[in-house]
Amino acid sequence: MAHGSRLVDLVHDRIEDFLADRTSILDAVSGDLAPLGAFSKRFLSGGKRFRALFCYWGWEAATGGAFDPFDGPDSRDRSPVIAAAASLELFHAAALVHDDLIDNSDTRRSAPSAHRLFERLHGESGWVGDGEQFGRSAAILLGDLLLGWSDELLDEGLELLERRADARAARVEFMRMRTEVTAGQYLDVLEEHAWIAQPDEEQQLRAERVIVYKAAKYSVEAPLAIGAAIGGATPQQAAALRAYGLPLGIAYQLRDDLLGVYGDPELTGKPAGDDLREGKRTMLIAIARERLAPSTRRLLDELLGDPELDEAQVRMVQQTLSDCGAVDEIEALITRQLQAATAALAEAPISEHARAELGALARSVAKRVS
């Protein structure tokens, strides 16, 4: 991604400016609100910025010319799409704060999750009451604050667009994304609790449904669509970007599911086997259950979702998933989805610079190690 670092810097600077403005409001209300500003900045300081990058290159796909979009002559105003890309990062931070609460995760990116940070603040300050409950309550509010701020930042960008139809189209895509990812998150929670009541033959389909709505659309397709809408994409361009984005988003989440079981904690920032302790009913688990003998399947069902799984048990489950061929099947699925995305990209009526950068992003997303 030749221009990835420059784009990330632009998005980072926009986030920093926005947070400085909004935290000044918090400071004017009370110094006691300083942790909200500090923790917001902390959770927005890192990450791969994939959603921001897909948003930008969706815009570039619709508007780009036959020149280098950074080094050549260019009179286009990037402010609207940079603001939209930054707003997606705020939305993602909010989703992570709430996701860690739902999953009761202690860490995020090798650091304490938001509710644990607030719980630690409670303990270090010597306050009364239940520190854990304070942490959870404060994290809910932090997530809500970031959600509201993501809307504000998006609107700041869309107000700069001359074509109001493009602004409305981008807002529609953003609102649809919010609805779909919330629906997908609920379906994910549902599967962890209701899987036992579902027919075994439906579990792959139900796991795929979670992948599509919790991750694939939200991580790739929707950011592309938002950026493309800001750029005034034609129906043909928008359809081609969706045909590229959805299979790539599926590949992204399938890779994430593997990392949740086999990832190196030094790279992922999460404990090894975290998805096993949380009881995630992923495609990997659905495929393994179909392949395992009944006695081994019962053992897997018993262990999955046990928060006290020790390292030896995690290794045993990892070996079981690998030995039954489920891991190889997931890798094959990732390859097929990446091929589908690449084929759609090759035929897309978009700028060549966008095609090249989206191709590089596809390879990075599907093969990432953290």
Side-chain angles (χ1 to χ4, degrees), residues 1-15 17-18 49-89 91 150 153-177 217-246 248-249 341-342 344-362 364-365:
M1 293 178 286
H3 307 297
S5 61
R6 279 179 282 181
L7 283 172
V8 167
D9 288 343
L10 288 173
V11 170
H12 178 77
D13 291 346
R14 188 67 184 87
I15 291 171
D17 290 345
F18 181 85
R49 308 289 197 206
F50 279 136
R51 291 160 188 82
L53 290 169
F54 281 117
C55 181
Y56 177 85
W57 288 106
W59 176 82
E60 181 71 43
T63 65
F67 52 79
D68 187 303
F70 283 89
D71 297 331
D74 192 350
S75 61
R76 297 170 301 168
D77 181 10
R78 290 186 178 83
S79 300
V81 72
I82 294 300
S87 78
L88 286 168
E89 292 298 311
F91 182 89
S150 71
L153 182 49
L154 177 69
D155 285 342
E156 284 186 6
L158 297 184
E159 286 171 3
L160 300 174
L161 285 176
E162 293 183 6
R163 286 169 48 93
R164 301 316 301 163
D166 295 344
R168 288 192 295 273
R171 168 53 77 178
V172 166
E173 294 291 350
F174 191 86
M175 291 189 295
R176 184 180 184 88
M177 176 195 72
K217 287 177 170 288
Y218 160 61
S219 299
V220 183
E221 186 188 59
L224 280 168
I226 292 166
I230 292 172
T234 66
Q236 294 79 11
Q237 288 173 323
L241 289 172
R242 290 186 187 280
Y244 156 84
L246 184 59
L248 182 59
T342 301
L345 185 62
E347 300 299 323
I350 61 176
S351 72
E352 289 305 315
H353 278 101
R355 195 189 320 278
E357 293 293 334
L358 288 172
L361 266 174
S364 178
V365 162

With a 4.5 Å limit on heavy-atom distance, are the side chains of [X] and [Y] in contact?
{"X": "Leu358", "Y": "Phe54", "answer": "yes"}
{"X": "Phe91", "Y": "Met177", "answer": "yes"}
{"X": "Ile350", "Y": "Glu60", "answer": "no"}
{"X": "Arg49", "Y": "Ile15", "answer": "yes"}

Please check this pair: side chain of [X] against backbone of [Y], looking for a donor-acceptor N/O pair closer than 3.5 Å.
{"X": "Tyr244", "Y": "Leu224", "result": "no"}
{"X": "Arg355", "Y": "Leu345", "result": "yes"}
{"X": "Ser364", "Y": "Ala360", "result": "no"}

Fill in the blank from the handout: Taken to the nearest 0.5 Å, the spacing of Arg78 CZ from Leu10 CG works out to 7.5 Å

Exercise for the section: Give, for atom CG of Leu248 and atom CG of Leu361, the distance between the pair rounded to the nearest 0.5 Å. Expected result: 8.0 Å

Handout entry: Partners meeting side-chain hydrogen bond (donor to acceptor under 3.5 Å, both in side chains) with Glu156 (sequence neighbours left out)
Key = Arg14, Arg22

Problem - Minimum-distance pair of heavy atoms, taken over all atoms of Ala84 and Ile226 - result: CB-CG2, 4.4 Å

Practice task
Look at Arg6 together with Glu357 and state whether they make a salt bridge at an N to O cut-off of under 4.0 Å.
Solution key: no

